Amino acid sequence: MYIVTVLFNIHSVHFAQFMTAMASNAETSLQIEPECHQFDVCRSPSNPDEVFLYEVYSSKAAFDDHLASSHFSAFNALTSQWVKSKAINLFERVGP
């Protein structure tokens, strides 16, 4: 399995809009991408502008397909100006 984590810091004024768009992106990914197995959207209780994603794909190729999808492209174009910072980490599951 291929694991993707993303830590966003969102401009406060756009936070609600970002969360609506993110929820739609996550739901669509899970519904139409058969190799997207998990897409958790988490909010920090101590930093109200911070959002953490935990995504699980079958492979790197499946994640690349996600990045090339029309729904991700639309989400990214819509939200890019709302994001103060974004840190992406990529992992391969080794167990259990």
Side-chain angles (χ1 to χ4, degrees):
M1 294 296 205
Y2 195 72
I3 311 302
V4 179
T5 67
V6 185
L7 183 62
F8 288 97
N9 197 305
I10 307 303
H11 293 284
S12 299
V13 68
H14 296 292
F15 192 85
Q17 294 167 289
F18 179 85
M19 291 303 285
T20 298
M22 178 55 76
S24 178
N25 179 53
E27 184 178 321
T28 301
S29 297
L30 288 167
Q31 287 178 351
I32 70 170
E33 296 178 35
E35 294 189 82
C36 177
H37 302 285
Q38 187 170 342
F39 199 125
D40 295 339
V41 181
C42 309
R43 184 174 187 184
S44 171
S46 61
N47 183 347
D49 297 333
E50 196 169 81
V51 177
F52 176 78
L53 306 183
Y54 181 82
E55 305 171 50
V56 178
Y57 297 88
S58 296
S59 64
K60 182 182 181 317
F63 178 60
D64 290 342
D65 289 345
H66 168 73
L67 294 178
S69 69
S70 61
H71 67 92
F72 174 79
S73 295
F75 164 80
N76 198 45
L78 175 66
T79 64
S80 64
Q81 296 301 310
W82 303 344
V83 175
K84 286 190 230 177
S85 64
K86 176 170 68 170
I88 302 167
N89 290 291
L90 307 172
F91 302 90
E92 292 180 350
R93 183 179 293 161
V94 295

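Owing to the predicted nature of the structure, the values given are computational and were not obtained by experimental measurement.
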Ser12 and Asp49: CA distance, side-chain angles, deciding distance, side chain to side chain donor-acceptor pair (under 3.5 Å) verdict: CA-CA 6 Å; Ser12 299; Asp49 297 333; 2.6 Å; yes
Other residues, nucleotides, ligands: >12 heavy atoms within 6.0 Å of Gln81 CD: no
Single-linkage hydrophobic cluster, 4.5 Å side-chain cutoff, Phe8 and Val13 together: no
Value rounded to 0.5 Å, distance of SG in Cys36 from CZ in Phe63: 10.0 Å
Ile10 side chain near Thr79 side chain, heavy-atom distance below 4.5 Å: no
Close side-chain approach of Gln17 and Leu78, heavy atoms under 4.5 Å: no
hydrophobic_cluster_shared for Val83 and Leu67, side chain cutoff 4.5 Å: yes
Contact check, side chains of Asp65 and Tyr57, non-hydrogen atoms, under 4.5 Å: no
Least distance between heavy atoms, Pro48 atom then Phe15 atom: O-CE1, 3.3 Å
Stepwise side chain to side chain contact (heavy atoms under 4.5 Å, CB included) check, Tyr2 with Glu92: CA-CA 5 Å; Tyr2 195 72; Glu92 292 180 350; 4.1 Å; yes
Side-chain heavy atoms of Leu53 within contact of Val4, under 4.5 Å: no
Leu7 reachable from Val41 in the ILVMFWY side-chain graph, under 4.5 Å edges: no
Aromatic plane relationship, His66 with Phe39 - under 30° parallel, 30 to 60° tilted, over 60° perpendicular: perpendicular
Common cluster, Val6/Leu90, ILVMFWY with side-chain heavy-atom separation under 4.5 Å: yes
Donor-acceptor side-chain pairing of Asn25 and His71 below 3.5 angstrom: yes
Under 3.5 Å: donor-acceptor pair, side chain of Thr20, backbone of Ala16: yes
Backbone N/O of Ser70 and side chain of Ser73: donor-acceptor pair under 3.5 Å: no
Glu55 CD to Met1 CE distance, which is reported to the nearest 0.5 Å: 13.5 Å
Linked, directly or transitively: Leu30 and Val56 (ILVMFWY side chains, under 4.5 Å): no
Spatial distance of atom CZ (Arg43) from atom CE (Met19) [nearest 0.5 Å]: 6.5 Å
Geometric class of the Phe75/Phe72 ring pair [parallel <30°, tilted 30-60°, perpendicular >60°]: tilted
Atom pair CG (Asn9) and NZ (Lys86), whose distance is rounded to the nearest 0.5 Å: 13.0 Å
